[in-house]
Participant: 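The structure is given below, and queries will be raised subsequently.
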Amino acid sequence: MSSFDENDAFEAAVPLSQRAMAARSAPYLDELNPAQREAVETLQGPVLMLAGAGTGKTKALTARIAHLMNQGVRPNEILAVTFTNKAAREMKGRVGRHLGEAVEGMPWLGTFHAICVKLLRRHGELVGLKSNFTILDTDDQIRLLKQLIVAANIDDKRWPARALASLIDGWKNRALTPEKVPNADASAFDHKGTELYAAYQERLKTLNAVDFGDLLLHMVTIFQTHGDVLEQYQRWFRYILVDEYQDTNVAQYLWLRLLAQKHQNICCVGDDDQSIYGWRGAEVGNILRFEKDFPGAKVVRLEQNYRSTPHILAAASGVIAGNKGRLGKTLWTDRDDGEKVRLIGHWDGEEEARWIGEEIEALQRGTRGLRSHELDQQAILVRASHQMRAFEDRFLTIGLPYKVIGGPRFYERMEIRDAMAYFRVACSPDDDLAFERIVNTPKRGVGDKALQNIQRAARANETSLLEAARLLVSAGELKGKARGAVGQLIEGFDRWRAAVQNNENHIELAEIILEESGYTEMWQNDKTPEAPGRLENLKELIKALESFENLQGFLEHVALIMDNEADDGGPKVSIMTLHAAKGLEFPVVFLPGWEDGLFPSQRSMDESGLKGVEEERRLAYVGITRAEELCTISFAGNRRIFGQWQSALPSRFIDELPEENVDVLTAPGLYGGGYGAAAPSSGMQERMDRADAYNSPGWKRMQARSQSRQTAQPTETKGLVIDATAVSSHAKGDRVFHQKFGYGTVMGIEGDKLDIEFDKAGAKKVVARFIVDAAKADEIPF
DNA sequence: TCCTCGTATGGTCGG
DNA sequence: CATACGAGGA
């Protein structure tokens, strides 16, 4: 990453300040280029570090922290905020390495949300919260809102809770409490929006709960209304660092400004070209306006890119140039040219997945005339998570190891949420939402009626649901089956709660809770194919408890951290969304699905027009700049969406790739031409012209085949002839063996694919020719 | 109260 | 295509 020549040149050309001289021996400074060094050494006053993709931003940030400490600043005087847990973790690790010791000493390095939780636990009473408030996730939030909508006699079909949730989130992102919602928004949600918002906040208060947006909103409110508290922290946090500043929303911006007002020692790092979170309230305006907000701010541009080849860089720059109102940076690199960005069109999404799979294997073996790359050096970045399926299907059938990053989250699985609900009630008995979730899970004969009874009693006596249930049980007001079962459940919670308070071993306790409540048993008795997997997940959950001191600590962690990173064994190809890829880099990157409507996404364009397209374009920029050596963009002419075949045109962003940095590939034998062959000798603009493509013979042929494929029963798919005997040689219930997944039982047959419940790997769909009878498994020399 | 089946309906992106 | 929900029967 670094070059000594550079530093020599710098030292010769630029007179060093005394401080720099004094710190000259510090190794973290020697590794920096001039711009990075300036950003690191300007400790006093506001600094905006405009850091392009791959310009060593994290390095500069961590060096700055190290430098602060070197100058005698204590770790707890530094407030360092990031957006994602991933970024926080990485920074912790890097700072730790700089200092050569544990970073326990940096208590205020974390995400906005994590830091706000910490503050709110201390000062929550100023907004009516007890310090043990619970944090609702999106699911809880929606269910709560739905209750309120129904209670207000509004048709929740026409006015869905989801819509209300995003409306309220939007207000919270803009730091608007119910009283502050502008009149212009009064007509929102059938003119009931503001009213429902206020009701929701009230409800949260009585539940002693907050949602994600509240974490910021409440802290801003406290800072604005309690000068003494604000001042305390202004004095405390002498130095503030903010990562990904382009992604801050208004509430976060206000929060930062309030804290930095006094000493103005704030260093914001960001890249306006990588602002991709507008949909959740991010305001690029915050970064564009920095110099106005903090007069006298020093702006440092990091423009030397250490990550990508010139072709990749130029392609990315070409695309992003289409955006207006940028701060503007000119990225450069001294690396060798390398490969051009590769562009290829496919017949449909499955072809695309097949081609990419083969390409990945070829690159792994090094048979493309290119450097060979292990699987963990390669990544597929998609726009929308549903695109991942095609790749998973394909990779499963060819046995290509992959991992999905940020896929369906572990903690969002039903069984995990259920188990967590038990833990939540055990820790805080008035967590009504959690109680409601599990009071009839497993089935205890508590139906709608019984639950309504409990809720009525809770309202009448102003108690939690648990206490209300206790009353009803002892008063004998619950009927038959429910009575004994609920009584038993309450006894259980009393016991478990006592155990929590006695600080008994929380891991054993968790197991006991799941055992005694009958929850584990419920899944053991369940005969659906998912059940074993769910039990497995529960074990996983128990294992996760090991790294925490107690249940409360664990619950807090889970509320804020939702990523799962169970990673076992060998190298794997990564599949993730473009959003999840921000901040990462890979030698080899595939960018599939560049079709208008998918990318840029139709929805984004419909909802936000030009602004939407610009954000999508930044997403394209982020995608391309993830690649170090080889970047391959592809699109498919046809894709099935909702089970319907739909044809699409290549993305407009493809037109924006500079011709001289792109190699147009043709996929041999796919559809005898198509885009690549339409006009091989002319320039790329023409070759890739969307109107031309639409009228080209290749396109027509694609259309025609698209029609026939909808109805036809193709005997040939994906260029491979299906072996009829392979299909018929397995029957439902057969024991079979698969090289990668091991032994399993055939649950169903669908053409050439078999639904198999593997003993170890769970339910999978696998092509028949990869399967042998279990009895014959030993004979096969794998 | 529970369970099953049918229908409708919807799919960015995350702390 | 997948899931979510409502209606209806056990």
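Below, chain A is the first sequence line, B the second, and so on; all start at residue 1.
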Participant: Kindly write out the residues that satisfy ring pair (Phe, Tyr, Trp, His ring centres under 6.0 Å) with A:F653, not counting sequence neighbours, or none if the list is empty.
Facilitator: A:F599
Participant: Check every strand shown and say whether A:F83 touches a base, only sugar-phosphate, or nothing at a heavy-atom separation below 4.0 Å.
Facilitator: sugar-phosphate
Participant: A:A450 near the nucleic acid: base, sugar-phosphate alone, or nothing, with a heavy-atom cut-off under 4.0 Å?
Facilitator: sugar-phosphate
Participant: A:C268 pairs by side-chain contact (heavy atoms from CB on, under 4.5 Å) with which of A:L241, A:V242, A:I240?
Facilitator: A:V242
Participant: With a non-hydrogen cut-off below 4.0 angstrom, is A:K146 in contact with a base, only sugar-phosphate, or nothing?
Facilitator: sugar-phosphate
Participant: Under 4.0 Å from OP1 or OP2 of C:dC1: is there any side-chain N or O of A:R389 that close?
Facilitator: no
Participant: OP1 or OP2 of B:dG14 sitting under 4.0 Å from any side-chain N/O of A:T138?
Facilitator: no
Participant: With the threshold set at 4.0 Å, does a side-chain nitrogen-carboxylate oxygen contact exist between A:E392 and A:R389?
Facilitator: no
Participant: B:dG14 phosphate, OP1 or OP2: any side-chain N/O from A:T577 under 4.0 angstrom?
Facilitator: yes
Participant: What pairs of donor and acceptor atoms, side-chain ones from residues 437-447 of chain A against any protein atom, are under 3.5 angstrom apart with sequence neighbours left out?
Facilitator:
from: A:R437; atom 1: NE; to: A:D418; atom 2: OD1; distance (Å): 2.7
from: A:R437; atom 1: NH2; to: A:D418; atom 2: OD1; distance (Å): 3.1
from: A:N440; atom 1: OD1; to: A:R444; atom 2: N; distance (Å): 2.6
from: A:N440; atom 1: OD1; to: A:G445; atom 2: N; distance (Å): 3.3
from: A:N440; atom 1: OD1; to: A:V446; atom 2: N; distance (Å): 3.2
from: A:N440; atom 1: ND2; to: A:V446; atom 2: O; distance (Å): 2.9
from: A:T441; atom 1: OG1; to: A:R437; atom 2: O; distance (Å): 3.2
from: A:R444; atom 1: NH1; to: A:Y422; atom 2: OH; distance (Å): 3.4
from: A:R444; atom 1: NH1; to: A:I438; atom 2: O; distance (Å): 2.8
from: A:R444; atom 1: NH1; to: A:V439; atom 2: O; distance (Å): 3.0
from: A:R444; atom 1: NH2; to: A:Y422; atom 2: OH; distance (Å): 2.7
from: A:R444; atom 1: NH2; to: A:S517; atom 2: O; distance (Å): 3.2

Participant: Which pairs count as ring pair (Phe, Tyr, Trp, His ring centres under 6.0 Å) when at least one residue sits in residues 147-167 of chain A, sequence neighbours excluded?
Facilitator: A:W159-A:F189
Participant: By salt bridge (charged side-chain N to carboxylate O under 4.0 Å, His left out), which residues pair with A:R121, not counting sequence neighbours?
Facilitator: A:E556
Participant: Can you name the residues that form a side chain to side chain contact (heavy atoms under 4.5 Å, CB included) with A:M576, not counting sequence neighbours?
Facilitator: A:L381, A:I405, A:S574, A:A580, A:A581, A:L584, A:F586
Participant: If I take atom CG in residue A:L120 and atom C1' in nucleotide B:dG15, what distance separates them, rounded to the nearest angstrom?
Facilitator: 15 Å
Participant: Sequence neighbours left out, what passes ring pair (Phe, Tyr, Trp, His ring centres under 6.0 Å) with A:F435? Give chain and number order.
Facilitator: none
Participant: Can you check nucleotides 2-7 of chain B for protein contacts, nitrogen or oxygen pairs under 3.5 Å, and list what you find?
Facilitator:
from: B:dC2; atom 1: OP1; to: A:N440; atom 2: ND2; distance (Å): 3.2
from: B:dC2; atom 1: OP1; to: A:G445; atom 2: N; distance (Å): 3.4
from: B:dC2; atom 1: OP2; to: A:N440; atom 2: ND2; distance (Å): 3.3

Participant: Residues of residues 268-280 of chain A with any non-hydrogen atom less than 4.0 angstrom from an atom of DNA chain B: list those, numerically ordered, please.
Facilitator: A:Y277, A:W279, A:R280
Participant: By the 4.0 Å heavy-atom rule, please label A:S604 as base, sugar-phosphate, or nothing.
Facilitator: base
Participant: For A:E521, enumerate each residue passing the salt bridge (charged side-chain N to carboxylate O under 4.0 Å, His left out) test, keeping only those at least two apart in sequence or located in another chain.
Facilitator: none
